[in-house]
Amino acid sequence: MYRLLASITILSTFALNAKEPKFRQQDIDVKVGVGYGLQLADMNGDAKTDIVLVDKDKVVWYENPTWAKHRISGHLTERDHVCVAARDLDGDGKAEVAVGAQWNPGDTVNSGAVFYLKPTPDRSGDWKPIQLYHEPTTHRMHWVKNPSGVYDLVVKPLTGKGNRNYVGAGLKMLAYKIPENPEKGKWTTSLVCDFLHNSHNFHPVNWDKDPEDELLVTGMEGTWFLNRQKDDTWTRKLIAKPFGGEVRDGHLPDGRRLVTTIEPRHGSVVACYVANGEKWTRYVLDTTLKDGHALATADFLGLGGDQVVAGWRGMRPKAVPGVKLFVPLDKDYAKWKTYQLSGAEIAVEDIKAGDLNGDGKPEIIVAGRQTHNLKIFWNES
């Protein structure tokens, strides 16, 4: 039975030791075009977490702690950039970057583009774009560890090639193997899945003892756990049937897993699924988001388990945007309390969570769309 829990106000014993959330907002850029995507990574090897932003016509990063803005790419395609992946692939402490572009969801035949950005020797100025094979409607990407312990670039389109109204061929999520020479070598691909038809987002996880990452992916066909095999095939297991738009994972203090979603795509519902053996119990945290577009999980309040942050744009339908923090009130995560962290000051396109100042408390980093800004919500809880 689905339970509406957004208005819970009575604290349980579980939450008595938790401080009330306190976040201080700081704008670090007020001239963003469209803050399509964020990544947190060390870009210059100083052991500090920087912020990477893919804007509609550029790729930039902000240097921790001054937040000086550095551009590594201008406009790569005629239409907007849409996604970015940033991660240290070779162990030198400096992140490698890939970008998805030519964003046009209405063109399921000719849209899309995928690039690897080759760094300049000193990592300043524009990096050289290496264009790779792509499927139409390129939409999300991540660096994902494979069974050999190295990283592949996994890229997911929004929909299948030649689809009309999300009917037709399934979208092809592909894993790209990076060659020894990314510029001159051949990037080969293998199929991750092709059974989804309208999938907005996915998320890497590592839920077992093998070295490779698994994936959570959500879409019109529900939310799924994809497990990579040694032969580069993937098995799948259904977690939840509702149409999901965003997906992230987390854990309870007792180690049980949780999966949180925004339902449906660009939807109004924040849901949390708690693992109980092989079954998942669903709790509804909120039903009032307007154009929900981003999720993050982390232990912001030091509870020993994760809390959930959700953001919405208020673009379609037009409404006041915002960010909310959802805090569990009991050991089973069946009861939750909601805190509104922001409103009209940022129309949320993407959210990431990470400790930016080394105090052990994760910050919330938010990229805006209509508000054209990038904010850090400093965790002073």
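As the structure is a prediction and not an experimental result, all values here were calculated from the model. Numbers here simply count residues along the sequence, with the first being 1.
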>> With heavy-atom distances below 4.5 Å as the criterion, would you say the side chains of Trp61 and Asn44 are in contact?
In response: yes
> Do the side-chain N and O atoms of Glu363 and Asn379 include a donor-acceptor pair separated by under 3.5 angstrom?
Replying inline: no
> Are Val247 and Val217 close enough, and set up right, to give a side-chain contact (heavy atoms from CB on, under 4.5 Å), and what steps lead you there?
Replying inline: CA-CA 7 Å; Val247 64; Val217 61; 6.0 Å; no
>> So that I know where these two stand, are His81 and Tyr36 an aromatic pair - ring centroids less than 6.0 Å apart?
In response: no
>> Has Glu380 got a side-chain atom pairing as donor or acceptor with Trp378's backbone, closer than 3.5 angstrom?
In response: no
>> Could you check whether any side-chain heavy atom of Leu215 comes within less than 4.5 Å of a side-chain heavy atom of Met173, counting everything from C-beta outward?
In response: yes
>> A cation-pi test, strictly: NZ or CZ of Arg87 under 6.0 Å from the centre of the six-membered ring of Trp143 and no more than 45 degrees from its axis. Yes or no?
In response: no
> Got Val366 and Asp350 here, is their nearest side-chain heavy-atom distance under 4.5 Å?
Replying inline: no
>> Show the nearest heavy-atom pair for residues Cys193 and Leu226, with the distance to one decimal.
In response: SG-CD1, 4.2 Å
> Stepwise, does the salt bridge (charged side-chain N to carboxylate O under 4.0 Å, His left out) test hold for Lys375 with Asp27?
Replying inline: CA-CA 4 Å; Lys375 281 181 177 286; Asp27 271 313; 3.3 Å; yes
> Nearest heavy-atom pair of Gly33 and His372: which atoms, and what distance?
Replying inline: O-ND1, 2.7 Å
> When the ring planes of Phe202 and His142 are compared, do they come out parallel, tilted or perpendicular, using 30° and 60° as the limits?
Replying inline: perpendicular
> Which heavy atom in Ala95 sits nearest to a heavy atom in Ala86, and how many Å separate them?
Replying inline: CB-C, 4.2 Å
>> With salt bridge (charged side-chain N to carboxylate O under 4.0 Å, His left out) as the criterion, how do Lys361 and Asp355 come out once you've worked through the C-alpha distance, each side chain's angles and the decisive distance to 0.1 Å?
In response: CA-CA 6 Å; Lys361 295 185 292 187; Asp355 182 5; over 6 Å; no
>> Looking at Met43, is its backbone amide N or carbonyl O close enough to the side chain of Arg123 to form a donor-acceptor pair, meaning the two atoms are under 3.5 Å apart?
In response: yes
> Between the side chain of Trp187 and the main-chain N/O of Pro182, is any donor-acceptor distance below 3.5 Å?
Replying inline: yes
>> Any carboxylate oxygen within less than 4.0 angstrom of a Lys/Arg side-chain nitrogen, looking at Asp332 and Arg256?
In response: yes
>> Under a 4.0 Å threshold between the charged nitrogen and the carboxylate oxygen, would Lys118 count as salt-bridged to Glu183?
In response: yes
>> Test of understanding: with side chain to side chain donor-acceptor pair (under 3.5 Å), list the residues that count as partners of Asp152, not counting sequence neighbours.
In response: Asn146, Arg228
> Relative to Phe195, does Arg236 satisfy both conditions: NZ or CZ under 6.0 angstrom from the six-membered ring centre, and within 45 degrees of the ring's axis?
Replying inline: yes
> Donor-acceptor pair, His197 side chain versus Gly168 backbone, under 3.5 Å?
Replying inline: yes
> Say you draw a straight line from CZ of Phe326 to OH of Tyr333; how long is it, rounded to the nearest 0.5 Å?
Replying inline: 14.0 Å
> Can you check whether Pro129 reaches Leu117 side chain to side chain, under 4.5 Å on heavy atoms?
Replying inline: yes
> Would the number of heavy atoms belonging to other residues, nucleotides or ligands and lying under 6.0 Å from NZ of Lys172 be above 12?
Replying inline: no
> NZ of Lys352: more than 12 outside heavy atoms within 6.0 angstrom?
Replying inline: yes
> If we ignore angles and hydrogens, is there a donor and acceptor under 3.5 Å between the side chains of Tyr116 and Gln131?
Replying inline: no
> Between Gln25 and Glu345, is any side-chain donor less than 3.5 angstrom from a side-chain acceptor?
Replying inline: yes
>> side chain to side chain donor-acceptor pair (under 3.5 Å) for Asp249 and Trp207? Distances and angles first, verdict last.
In response: CA-CA 10 Å; Asp249 78 316; Trp207 283 5; 3.1 Å; yes
>> Would the distance check show the side chain of Asn104 and the main-chain N or O of Ser111 forming a donor-acceptor pair, the cut-off being under 3.5 Å?
In response: no
> Counting N and O atoms only, with roles assigned by atom type, does the side chain of Trp67 sit under 3.5 Å from a partner on the main chain of Asn64, one being a donor and the other an acceptor?
Replying inline: no
> Does the salt bridge (charged side-chain N to carboxylate O under 4.0 Å, His left out) test come out yes or no for Asp29 and Lys31, once each step is laid out?
Replying inline: CA-CA 6 Å; Asp29 195 342; Lys31 296 181 179 180; over 6 Å; no
> Taking the side chain as C-beta and beyond, is there a heavy-atom pair between Pro147 and Asp232 under 4.5 Å?
Replying inline: yes
> Looking only at atom types and distance, does a side-chain atom of Glu96 sit under 3.5 Å from a main-chain N or O of Leu89, one as donor and one as acceptor?
Replying inline: yes
>> Given 3.5 Å as the limit, does a donor-acceptor pair link the side chain of Glu246 with the main chain of Ile262, or not?
In response: no
> Can you find a heavy atom in the side chain of Val348 that is under 4.5 Å from one in the side chain of Pro321?
Replying inline: no
> Is the number of heavy atoms from other residues, nucleotides or ligands within 6.0 Å of NZ (Lys56) greater than 12?
Replying inline: no
>> Within the 4.5 Å heavy-atom criterion, are Val114 and Leu153 side-chain neighbours or not?
In response: yes
> What about Ile365 and Leu325, same hydrophobic cluster or not, with Ile/Leu/Val/Met/Phe/Trp/Tyr joined at side-chain heavy-atom distances under 4.5 Å?
Replying inline: no
> Would you call the rings of Trp103 and His139 parallel, tilted or perpendicular, where under 30° means parallel and over 60° means perpendicular?
Replying inline: tilted
> Would one find more than 12 heavy atoms of other residues, nucleotides or ligands at under 6.0 Å from atom CD of Glu78?
Replying inline: no
> For the hydrophobic clusters of this structure (ILVMFWY residues joined by side-chain heavy atoms under 4.5 Å, transitively), does one cluster hold both Leu158 and Val99?
Replying inline: yes
Pairs of donor and acceptor atoms involving the side chains of residues 304-312, under 3.5 Å and at least two apart or interchain, shall be tabulated with distances.
{"residue": "Asp306", "atom": "OD1", "partner": "Asp299", "partner atom": "N", "Å": "3.2"}
{"residue": "Asp306", "atom": "OD2", "partner": "His251", "partner atom": "N", "Å": "3.1"}
{"residue": "Asp306", "atom": "OD2", "partner": "His251", "partner atom": "ND1", "Å": "3.2"}
{"residue": "Gln307", "atom": "OE1", "partner": "Phe300", "partner atom": "N", "Å": "2.8"}
{"residue": "Gln307", "atom": "OE1", "partner": "Leu301", "partner atom": "N", "Å": "3.0"}
{"residue": "Gln307", "atom": "NE2", "partner": "Asp299", "partner atom": "OD1", "Å": "2.9"}
{"residue": "Gln307", "atom": "NE2", "partner": "Gly305", "partner atom": "O", "Å": "2.8"}
{"residue": "Trp312", "atom": "NE1", "partner": "Val320", "partner atom": "O", "Å": "2.9"}

>> To check you understand the geometry: which heavy-atom pair defines the closest contact between Pro204 and Val144, and what is its length?
In response: CG-CG2, 4.2 Å
> More than 12 foreign heavy atoms under 6.0 Å from NZ of Lys161: is that the case here?
Replying inline: no
> Hey, mind stepping through Asp92 and Lys94 against salt bridge (charged side-chain N to carboxylate O under 4.0 Å, His left out) and telling me if it holds?
Replying inline: CA-CA 6 Å; Asp92 68 352; Lys94 302 172 185 178; 5.5 Å; no
> Does some side-chain heavy atom of Leu374 sit less than 4.5 Å from a side-chain heavy atom of Val30?
Replying inline: no
>> More than 12 heavy atoms of other residues, nucleotides or ligands under 6.0 Å from CG of Asp231: yes or no?
In response: yes
> For residues Thr137 and Lys156, is any side-chain donor paired with an opposing acceptor at under 3.5 Å?
Replying inline: no
>> The test is side chain to side chain donor-acceptor pair (under 3.5 Å); show your working for Ser148 and Lys177 and say whether it passes.
In response: CA-CA 11 Å; Ser148 299; Lys177 290 193 182 302; over 6 Å; no
> Does the Thr108 side chain pair with the main chain of Asn163, one donor and one acceptor, at a distance under 3.5 Å?
Replying inline: yes
>> Side chains of Glu135 and Tyr133 only: does a donor on one sit below 3.5 Å from an acceptor on the other?
In response: yes
>> Parallel, tilted or perpendicular, judged at 30° and 60°: which one describes the rings of His293 and His200?
In response: perpendicular
> Taking Lys237 for the side chain and Trp224 for the main chain, is one N or O donor matched with an acceptor at less than 3.5 Å?
Replying inline: no
>> Does either side chain, that of Thr159 or that of Asn198, offer a donor lying less than 3.5 Å from an acceptor on the other one?
In response: no
